[in-house]
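First the structure, in the form of structure tokens, and then the observations on it.
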Amino acid sequence: MDLLEVRSISKTYGSGENAVQALKNVSFTVPKGEFVAVVGESGSGKSTLLNMIGALDAADSGKVFIDGKDIFAMDESRLTVFRRRNIGFIFQAFNLIPELNVEQNMIFPLLLDYQRPDRKYLEELLEVLGLKERRSHLPSQLSGGQQQRVAIGRALITRPSLILADEPTGNLDTRNSSEVIALLRETSKRFEQTIIMITHNRSIAQTADRILHMSDGTITDFGGKGVHI
């Protein structure tokens with residue numbers, strides 16, 4: 001069953017001579033539980049595509065279905081709730097709240113939704129992410145790799161069906177990058193989450209189940225991992 005369907009998405013910024021076609025009739029589907037890497041040069045449309053899938057921006061034409069629901073057909077209030085409960089975001093910048101500790105940062109999305117955390121699930125996440133001994137630490141007391149683990153935990157805490165990761169290892173060294181990608185793969189399988197990850201790192205892309213290559217606003221499916229790009 002497809003968790004995500006992107007159908008003929010197009011997006012242009014600017015007008016006239018300054019118009020830039022960021023996306024040109026992009027279509028693809030992603031089955032539930034698949035880990036997909038999106039690669040391409042800077043300006044190829046990768047981040048625009050992720051913003052469309054995450055309903056952070058509106059397309060000029062086309063549709064995005066998440067778990068069978070047309071997200072562009074929702075009004076703003078309904079879309080906000082849907083996004084909060086069904087999509088987890090992981091960014092290159094960790095975007096943690098400096099005044100909150102590890103556990104508080106992780107459960108923050110639930111508090112925004114007036115929900116109480118599932119303590120058993122929280123403990124499982126802390127264990128999987130190797131953060132149990134750091135649960136009371138502030139972001140300033142953590143390494144970059146540890147901060148990104150907290151960001152992953154925050155994305156997973158609502159049990160979203162879809163995780164969108166935009167250059168999640170961009171601010172990390174090689175060792176921490178490898179650990180973060182391994183964690184994403186583990187959590188994808190363990191919690192049956194679908195992951196769409198943007199990366200400029202070709203070796204990291206090779207660890208995904210499938211590679212999509214973006215160029216000049218269009219997309220090509222390179223199939224399974226290990227494919228040379």
Side-chain angles (χ1 to χ4, degrees), residues 1-5 29-38 50 53-54 66-68 82-92 94-96 101-111 113 115-135 137 142-170 172 174-199 201 203-212 223-226:
M1 175 183 173
D2 290 330
L3 187 280
L4 171 68
E5 181 185 358
T29 59
V30 180
K32 181 178 180 180
E34 188 172 50
F35 186 175
V36 176
V38 181
L50 212 68
I53 297 172
I66 297 175
D67 206 13
F82 179 85
R83 185 168 49 224
R84 186 187 301 146
R85 295 178 179 177
N86 295 276
I87 307 173
F89 294 92
I90 304 170
F91 301 101
Q92 180 175 345
F94 314 126
N95 294 336
L96 302 180
N101 64 29
V102 166
E103 182 174 325
Q104 291 166 337
N105 265 288
M106 284 177 59
I107 66 173
F108 191 69
L110 291 174
L111 303 182
D113 205 25
Q115 296 185 43
R116 301 180 67 175
D118 179 334
R119 301 305 302 186
K120 183 178 179 181
Y121 181 55
L122 175 60
E123 293 299 321
E124 183 179 5
L125 283 180
L126 287 166
E127 180 70 34
V128 169
L129 296 168
L131 292 170
K132 270 201 167 183
E133 304 303 315
R134 298 285 188 273
R135 67 192 308 152
H137 286 56
L142 304 175
S143 69
Q146 289 168 338
Q147 289 185 61
Q148 193 59 297
R149 288 166 183 252
V150 179
I152 292 171
R154 180 183 58 195
L156 293 173
I157 195 66
T158 59
R159 303 179 192 265
S161 54
L162 179 63
I163 300 289
L164 301 178
D166 191 354
E167 297 282 7
T169 63
L172 304 178
T174 301
R175 181 178 64 83
N176 280 310
S177 294
S178 298
E179 290 180 358
V180 164
I181 294 303
L183 279 170
L184 284 175
R185 286 200 60 81
E186 179 181 351
T187 55
S188 171
K189 302 307 178 188
R190 185 164 183 164
F191 303 117
E192 296 185 322
Q193 265 126 356
T194 303
I195 298 179
I196 311 294
M197 176 185 67
I198 287 177
T199 181
N201 188 313
S203 62
I204 285 177
Q206 298 290 336
T207 67
D209 298 322
R210 183 157 56 114
I211 297 169
L212 301 177
K225 62 183 178 179

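- Heavy-atom minimum distance, Ala208 versus Phe35: CB-O, 3.5 Å.
- Of all heavy-atom pairs spanning Ile163 and Pro160, the tightest one is CD1-CG, 3.7 Å.
- Scanning all heavy atoms of the two residues, the minimum distance from Phe94 to Ala151 falls at O-CB, 4.0 Å.
- Pairing each heavy atom of Ile66 with each of Ser161, the nearest pair is CG2-OG, 4.2 Å.
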Might you work through the side chain to side chain contact (heavy atoms under 4.5 Å, CB included) test for Arg85 and Thr158, ending with a clear yes or no?
-> CA-CA 6 Å; Arg85 295 178 179 177; Thr158 59; 5.8 Å; no

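- Contacts of Phe191 classified as ring pair (Phe, Tyr, Trp, His ring centres under 6.0 Å), with partners at least two apart in sequence or in another chain: Tyr121.
- The number of heavy-atom neighbours closer than 6.0 Å to CZ of Phe82, taken from other residues, nucleotides and ligands shown, is above 12.
- The one candidate from Arg134, Arg119, Lys132 that meets the salt bridge (Lys or Arg N to Asp or Glu O under 4.0 Å) condition with Glu103 is Arg119.
- In this structure, the side chain of Ser178 engages the main chain of Thr174 through a donor-acceptor pair within 3.5 Å.
- Within a 6.0 Å sphere centred on CD of Glu192, other residues, nucleotides and ligands contribute 12 heavy atoms or fewer.
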Step-by-step side chain to side chain contact (heavy atoms under 4.5 Å, CB included) determination, Asn201 to Ser177 = CA-CA 10 Å; Asn201 188 313; Ser177 294; 5.9 Å; no

Steps toward salt bridge (Lys or Arg N to Asp or Glu O under 4.0 Å) verdict (Glu123, Arg135) | CA-CA 10 Å; Glu123 293 299 321; Arg135 67 192 308 152; 2.6 Å; yes

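- Taking CG of Leu164 as the start and CD1 of Ile90 as the end, the distance is 9.0 Å to the nearest 0.5 Å.
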Show the numbers, then the answer: is there a side chain to side chain contact (heavy atoms under 4.5 Å, CB included) between Thr199 and Glu167?
-> CA-CA 5 Å; Thr199 181; Glu167 297 282 7; 4.1 Å; yes

Under the side chain to side chain contact (heavy atoms under 4.5 Å, CB included) rule, what do Asp166 and Ile198 come out as? Steps first, then yes or no, please.
-> CA-CA 5 Å; Asp166 191 354; Ile198 287 177; 3.7 Å; yes

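- For the pair Arg154 (side chain) and Asn95 (backbone), a donor-acceptor distance under 3.5 Å is present.
- With hydrogens and angles ignored, the 3.5 Å screen pairs no side-chain donor or acceptor of Glu34 with any backbone N or O of Asp209.
- With contacts defined as side-chain heavy-atom distances shorter than 4.5 Å, the pair Ile181/Met197 qualifies.
- At least one side-chain heavy atom of Ile53 sits under 4.5 Å from a side-chain heavy atom of Leu162.
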Criterion salt bridge (Lys or Arg N to Asp or Glu O under 4.0 Å) on Arg175 and Glu179, from CA distance to verdict | CA-CA 6 Å; Arg175 181 178 64 83; Glu179 290 180 358; 3.0 Å; yes

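- Between the side chain of Arg185 and the main chain of Thr207, a donor-acceptor pair closer than 3.5 Å is present.
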What's the verdict on salt bridge (Lys or Arg N to Asp or Glu O under 4.0 Å) for Lys32 and Asp67, showing C-alpha distance, side-chain angles and the deciding distance?
-> CA-CA 9 Å; Lys32 181 178 180 180; Asp67 206 13; over 6 Å; no

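- Ile196 has its side chain out of reach of Leu212: every pair of non-hydrogen atoms, C-beta onward, lies at least 4.5 Å apart.
- At distances below 3.5 Å, not a single donor-acceptor pair connects side-chain atoms of Thr169 with backbone N or O atoms of Leu172.
- Taking all atoms of both residues into account, the shortest heavy-atom contact from Met106 to Ile157 is O-CG2, 3.1 Å.
- The backbone N or O of Gly33 sits less than 3.5 Å from a side-chain atom of Thr194, completing a donor-acceptor pair.
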